[in-house]
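Naming: A, B, ... by sequence-line order, numbering from 1 per chain.
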There are 2 protein chains.
Amino acid sequence: MKYGRAASSGPECGVERTLTVIGGKWTTLVLRELLAGTRRYSDLKRALGRVSPKTLTERLRHLEAEGLLTRTVHAEVPPRVEYTLTPHGESLGEIIAAMGRWGAAHRPAGATAEAERA
Amino acid sequence: MKYGRAASSGPECGVERTLTVIGGKWTTLVLRELLAGTRRYSDLKRALGRVSPKTLTERLRHLEAEGLLTRTVHAEVPPRVEYTLTPHGESLGEIIAAMGRWGAAHRPAGATAEAERA
DNA sequence: CGGAATCCCATGGGATACTG
DNA sequence: CAGTATCCCATGGGATTCCG
């Protein structure tokens with residue numbers, strides 16, 4: 001998801017920077033899962049359902065590179081690897097929460113505003 | 001960006017539904033632009049910078065299909081087409097705003113938390 | 001258990017040219 | 001002006017198999 005410099009309303013717009021970090025379906029979903037607490041690789045895999053190991057690892061590595069989570073390998077057998085959000089990663093909670101709220105309120109059906117009032 | 005059923009923490013999770021709507025780089029950027037007000041096709045193209053006409057049209061059609069914006073064709077010459085967010089589309093403002101804030105605060109440099117306190 | 005390796009597909013997106 | 005029409009590429013993601 002490469003792109004040159006910001007060319008939108010505000011140069012160096014924050015939205016674009018955010019998109020390069022949490023762009024992509026699984027990325028966001030992984031974050032949402034980790035916002036609930038530390039998770040092991042297999043926990044994430046199970047929670048996310050139909051994600052391939054390749055994709056999951058890829059996204060986790062990406063998030064780690066961005067400094068959003070830490071990967072802890074426990075030297076035991078069987079191996080245990082845990083992923084935990086850094087404060088930096090937790091700061092994304094606001095965005096994820098907003099997305100969750102919107103998605104819950106604006107369901108395809110149309111029971112949107114009514115559902116909120118009820 | 002298709003996917004079966006929700007398999008994450010909460011079944012039918014709102015986050016996933018939101019992702020199917022605003023997933024993608026340009027989609028979000030278009031929304032951010034329109035949150036500032038009605039825009040013509042050429043306005044958007046100029047504001048977004050390096051977006052191809054194909055992509056822009058594609059995303060606009062997608063958003064229209066989702067009921068997030070309305071497309072108004074003015075029967076004049078030269079043609080004028082305006083895009084305006086529906087209330088439904090405007091309700092995404094909270095998410096976009098959160099993304100903007102996060103991106104602004106967590107810049108690569110590292111002047112993150114400090115910038116927020118200042 | 002937690003991946004790495006490999007192969008393949010779908011889709012978003014880019015560049016360019018052309019038109020109602 | 002506001003697209004449409006092609007063609008092509010990059011990347012996210014899927015499925016499967018194998019390994020330390």
**Q.** Check: B:Leu34 and B:Leu44 side chains under 4.5 Å, non-hydrogen atoms
**A.** yes
Q: Could you pull out all residues at least two apart from B:Arg80 that satisfy salt bridge (Lys or Arg N to Asp or Glu O under 4.0 Å)?
A: B:Glu76, B:Glu82
(Q) A:Thr70: which residues meet the side-chain hydrogen bond (donor to acceptor under 3.5 Å, both in side chains) condition with it, sequence neighbours left out? (A) none
Q.
Once side-chain hydrogen bond (donor to acceptor under 3.5 Å, both in side chains) is applied, do any residues pair with A:Thr38, and if so which ones, sequence neighbours excluded?
A. A:Thr84
Q.
Holding to side-chain hydrogen bond (donor to acceptor under 3.5 Å, both in side chains), I want the full list of residues that pass it with A:Arg59, two or more places apart in sequence or in another chain.
A. A:Thr27
Q.
Tell me whether the side-chain N/O atoms of A:Ser42 come closer than 4.0 Å to OP1 or OP2 in C:dG2.
A. yes
Q) By a strict heavy-atom criterion of less than 4.0 Å, which residues belonging to residues 61-78 of chain B are in contact with DNA chain D? A) B:Arg61, B:Arg71, B:Pro78
**Q.** Distance in angstrom units between A:Leu60 CG and C:dA4 C1', rounded
**A.** 14 Å
(Q) List the residues meeting side-chain contact (heavy atoms from CB on, under 4.5 Å) with A:Pro53, not counting sequence neighbours, and say none if there are none. (A) A:Tyr41, A:Lys45
Q: Figure out the CG/P separation between B:Leu19 and D:dG12, and round it to whole Å.
A: 15 Å
Q) A:Glu58 or B:Thr57: which one's nearest nucleotide on DNA chain D is closer to the 5' end? A) B:Thr57
Q: Can you tell me the distance, in whole Å, between the CZ atom of B:Arg59 and the C1' atom of D:dA2?
A: 18 Å
(Q) If I take atom CD in residue A:Glu82 and atom C1' in nucleotide C:dC1, what distance separates them, rounded to the nearest angstrom? (A) 13 Å
Q) Can you give one letter per nucleotide of nucleotides 14-20 of chain C, 5' to 3': B if a protein heavy atom sits under 4.0 Å from the base, S if only from the sugar-phosphate, - if neither? A) BBB---B
Q | Whole-Å gap separating P (C:dG3) and CG (A:Asp43) | A | 12 Å
Q) Which residues pass the salt bridge (Lys or Arg N to Asp or Glu O under 4.0 Å) test with B:Glu64, sequence neighbours left out? A) none
Donor-acceptor pairs are to be reported for all side-chain atoms of residues 90-97 of chain A against protein atoms at under 3.5 Å, with residues two or more places apart or in another chain.
residue: A:Ser91; atom: OG; partner: A:His88; partner atom: O; Å: 2.4
residue: A:Ser91; atom: OG; partner: B:Trp102; partner atom: NE1; Å: 2.8
residue: A:Ser91; atom: OG; partner: B:His106; partner atom: NE2; Å: 3.2
residue: A:Glu94; atom: OE1; partner: B:Arg101; partner atom: NH1; Å: 3.4
residue: A:Glu94; atom: OE2; partner: B:Arg101; partner atom: NH1; Å: 2.2

Q: Considering just the side-chain nitrogens and oxygens of A:Arg40, establish if one lies under 4.0 Å of OP1 or OP2 belonging to C:dG2.
A: yes
Q.
If I take atom NZ in residue A:Lys45 and atom P in nucleotide C:dC1, what distance separates them, rounded to the nearest angstrom?
A. 12 Å
(Q) Holding to side-chain hydrogen bond (donor to acceptor under 3.5 Å, both in side chains), I want the full list of residues that pass it with A:Ser42, two or more places apart in sequence or in another chain. (A) none
**Q.** Heavy-atom side-chain proximity of B:Met99 to B:Thr28 below 4.5 angstrom
**A.** yes
(Q) For the helix from C:dC1-D:dG20 to C:dG20-D:dC1, what angle separates the axis at the start from the axis at the finish, each from five pairs, in steps of 10°? (A) 50°
Q | Spacing of B:Ile22 atom CD1 relative to C:dG12 atom P, expressed in whole Å | A | 15 Å
Q | With sequence neighbours excluded, residues passing salt bridge (Lys or Arg N to Asp or Glu O under 4.0 Å) with B:Arg71 | A | none
**Q.** Between P of C:dG2 and OH of A:Tyr83, the distance in whole Å
**A.** 8 Å
Q.
Looking at D:dT4, I'd like to know if its phosphate oxygens (OP1 or OP2) sit under 4.0 Å from a side-chain N or O belonging to B:Tyr41.
A. no
Q. Ignoring hydrogens and geometry, is there a side-chain-to-backbone donor-acceptor pair from A:His62 to A:Val21 under 3.5 Å?
A. yes
